[in-house]
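The next block holds one structure in the form of structure tokens; read it before the comments.
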Amino acid sequence: MEPSYREGERVLTFNWGKPRLGDVIVFKQKDKFYIKRVELITAGKITVSGDNKKLSSKFKPIDLRQVVGRVVLKY
Amino acid sequence: MILLRFIDKFFPPNIAYAHCDVPCGIYDPHQAQMAAHTVLRMTDMIDELQASSPEPAFEERKRIISQIARLTKVKEEHAELVKHEIRVIWGDYLKDEHIKKHKTIHQLVFSIMKQASIARQNVDIKAANELLGMVQKFAEIFWETKGRKTQNIKSGYPTEGELILPQ
């Protein structure tokens with residue numbers, strides 16, 4: 001997620017409200033948390049992508065219920 | 001901020017990853033090319049094996065059979081390695097924009113899978129050479145997706161073939 005978020009930085013997430021396009025979200029997949037940006041929202045599915053397009057790995061669209069929260073603060 | 005860091009000492013935050021695998025973004029068709037050269041070399045070596053007579057002695061037969069078994073094993077393994085390496089780049093690295101630009105890539109990957117099997121099943125130098133050619137074509141396309149021009153370098157291997165490397 002560089003340059004927006006670098007390794008070791010901490011984020012605060014809120015889980016009220018639905019994610020919107022461009023939001024950075026934290027979601028859970030196979031017991032691990034991931035941080036990505038919302039690229040597309042379609043019928044309960046969210047397509048996410050990393051800001052660092054050269055290195056970012058591709059995820060299949062995730063379910064809305066996998067979302068842990070929207071990033072509201074980096075500290 | 002200081003308050004949040006202080007709270008973190010008592011309630012450590014979870015780790016959120018930005019990548020699904022490590023090392024992410026590290027792809028290179030070099031290993032596939034080396035494996036294809038190995039298939040060709042093993043095919044060559046099997047093809048060159050000769051007995052001293054039409055009915056060689058038992059000891060000589062044992063030696064030849066042992067040698068063929070070893071060469072075949074390596075040929076099998078490296079043909080499979082070609083398939084594995086190409087599949088990983090195709091499945092994990094290539095993205096929609098690459099496919100749109102290089103419309104033949106799916107067919108090329110399919111052909112490599114089939115050709116690697118043919119090279120495994122036979123002692124066929126022509127088939128092994130064709131496999132190498134396909135893998136080299138794949139390497140050219142791979143580097144093109146990264147905006148890199150390629151050059152044909154003499155491999156220095158006994159196959160006397162070339163490697164496609166980025167300039």
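Computed from heavy atoms alone, side chains included, the values below leave out hydrogens, waters and symmetry copies. In this text, all values refer to a predicted model and were calculated from it rather than measured experimentally.
With a 4.5 Å cut-off on side-chain heavy atoms, B:Asp8 and A:Tyr75 count as touching. Considering only heavy atoms from C-beta on, A:Leu73 comes within 4.5 Å of B:Leu4 through its side chain.
Under a hydrophobic-cluster definition in which Ile, Leu, Val, Met, Phe, Trp and Tyr are linked whenever side-chain heavy atoms come within less than 4.5 Å, directly or via other members, B:Met45 and B:Val123 are assigned to the same cluster. Using a 4.5 Å cut-off between side-chain heavy atoms of Ile, Leu, Val, Met, Phe, Trp and Tyr, with links allowed through other members, B:Ile125 and B:Leu131 fall into different hydrophobic clusters.
Annotation: B:Arg87, atom CZ; neighbour count of heavy atoms from other residues, nucleotides and ligands within 6.0 Å is above 12. Around atom CD of B:Glu160, no more than 12 heavy atoms belonging to other residues, nucleotides or ligands sit under 6.0 Å away. Enclosure of atom CH2 in B:Trp90 is not indicated, since only 12 or fewer non-hydrogen atoms of other residues, nucleotides or ligands lie within 6.0 angstrom.
Minimum interatomic distance between B:Arg5 and A:Arg10 (heavy atoms only, all atoms of both residues): NH1-NE, 3.0 Å.
Remark: A:Glu7 CD to B:Tyr17 OH distance equals 10.0 Å, nearest 0.5 Å.
In this structure, chain B has a heavy atom under 4.5 Å from the backbone of A:Lys74, while its side chain stays farther away.
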